[in-house]
Amino acid sequence: MYDVRIFFSKTGRARYISHLDLNRCMQRALKRSGLPVVYTQGFNPHIRNTFALPLSLGYEGETETMDFRLEQELPLEEVARRLRESLPAELFVLRAAAPVMKPEKIRWGRYAIEARGEPQAVRRAAESLRDLLAQPELLVEKTTKKGGTRQIDIRPDLRLESMEEGEGSLRFTLLVTTGISRNINPSLLLDLLPGAGKEFSLRVRRTAVLTEELEPFC
């Protein structure tokens with residue numbers, strides 16, 4: 001058996017596909033591609049595929065990953081091509097490679113965020129963002145897996161890398177703690193900006209998944 005990791009982008013209309021539907025879409029694409037994929041054993045066998053890090057609904061991703069196994073070795077360029085031809089344009093396979101790192105190595109997600117709307121509203125959002133990130137502690141309510149809520153401090157989980165203001169627009173790049181042990185959704189910060197989703201729109205793109213040393217996950 002041969003392990004394969006594909007890197008793909010999820011953009012445009014595909015950002016509204018839930019993770020569960022994305023998994024179904026990928027499994028159907030693997031079947032259509034004719035690749036000799038490995039199936040699970042048992043009464044209801046299915047393709048053995050895994051995602052290192054699910055992407056939140058409504059977010060775009062530039063370098064998402066999915067792992068699966070082949071029963072026989074094939075050129076990686078052919079694997080990428082055959083799967084690319086079986087997917088819609090908004091789910092674009094960038095490349096295929098042999099997995100190098102385990103998902104446990106993931107520590108950060110880099111997000112490019114753009115706010116657009118009324119200039120005054122966007123200026124208020126920019127001022128609020130600066131004020132929030134200047135605080136030594138940033139307490140928010142986070143939903144637990146059991147459906148309850150708990151208060152956590154997300155300030156250590158956020159790093160502002162860049163920020164650019166324009167007339168009616170705000171662009172900033174944010175590093176956010178991401179991974180198996182602790183996974184912070186950028187919406188916990190974005191929801192604190194006054195007028196978010198009402199006075200201005202937000203576009204969120206995960207541009208990279210990184211290790212503790214800020215190396216790309218591969």
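Because the structure is predicted, anything quoted here is derived from the model rather than measured.
Annotation: side chain of Asn183 is in contact with side chain of Leu53 (closest heavy-atom distance under 4.5 Å). Within the 4.5 Å cutoff, no side-chain heavy atoms of Leu22 are placed close to those of Met66. When side chains are defined from C-beta on, Gln72 counts as touching Leu74, because their heavy atoms get closer than 4.5 Å.
Remark: Phe92 pairs with Ser9, Arg84, Leu94 by the side chain to side chain contact (heavy atoms under 4.5 Å, CB included) rule, at least two apart or across chains. Here Arg159 pairs with Trp108, Leu175, Leu214 under the side chain to side chain contact (heavy atoms under 4.5 Å, CB included) rule; sequence neighbours left out. Scored by the salt bridge (Lys or Arg N to Asp or Glu O under 4.0 Å) test, Glu85 finds Arg81 as partners (sequence neighbours excluded). For Arg171, the salt bridge (Lys or Arg N to Asp or Glu O under 4.0 Å) criterion is met by Glu114, not counting sequence neighbours. Judged as a side chain to side chain contact (heavy atoms under 4.5 Å, CB included), and not counting sequence neighbours, the contacts of Thr173 are Arg110, Glu161, Ser162. Arg206 is linked by a salt bridge (Lys or Arg N to Asp or Glu O under 4.0 Å) to Glu64, counting only residues two or more places apart in sequence or in another chain. Scored by the salt bridge (Lys or Arg N to Asp or Glu O under 4.0 Å) test, Asp67 finds Arg5 as partners (sequence neighbours excluded). Partners of Glu77 by side chain to side chain contact (heavy atoms under 4.5 Å, CB included), not counting sequence neighbours, listed by chain and number: Pro75. Not counting sequence neighbours, Thr50 has no partner by the side chain to side chain donor-acceptor pair (under 3.5 Å) test.
The number of heavy atoms from other shown groups lying within 6.0 Å of CD (Gln41) does not exceed 12. The 12-atom threshold is exceeded at CZ of Arg15, counting heavy atoms of other residues, nucleotides or ligands nearer than 6.0 Å.
Arg107 and Thr177 share a side-chain donor-acceptor pair at under 3.5 Å.
Applying the ring pair (Phe, Tyr, Trp, His ring centres under 6.0 Å) definition to pairs two or more places apart or across chains, those involving residues 12-70 are His19-Phe51.
Between Asp191 atom CG and Asn185 atom CG the span is 8.5 Å, to the nearest 0.5 Å. Here the straight-line distance linking atom CG of Leu129 with atom CG of Leu190 works out to 8.5 Å at 0.5 Å rounding. To the nearest 0.5 Å, atoms CZ (Arg28) and CG (Asp21) are separated by 8.0 Å. To the nearest 0.5 Å, the span separating CD1 on Ile17 from CD on Glu90 amounts to 7.5 Å.
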Which donor-acceptor pairs under 3.5 Å do the side chains of residues 194-205 make with protein atoms, sequence neighbours left out?
from, atom 1, to, atom 2, distance (Å)
Glu199, OE1, Arg124, NH2, 2.6
Glu199, OE2, Arg124, NH2, 3.4
Ser201, OG, Arg116, O, 3.4
Arg203, NE, Glu60, OE1, 2.7
Arg203, NH2, Glu60, OE1, 3.0
Arg205, NH1, Glu62, OE2, 2.4

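In the hydrophobic clustering, where aliphatic and aromatic side chains (Ile, Leu, Val, Met, Phe, Trp, Tyr) are joined below 4.5 Å either directly or transitively, Met1 groups with Val38.
For the residue pair Pro136 and Asp153, the shortest heavy atom distance occurs at O-OD2, 4.4 Å.
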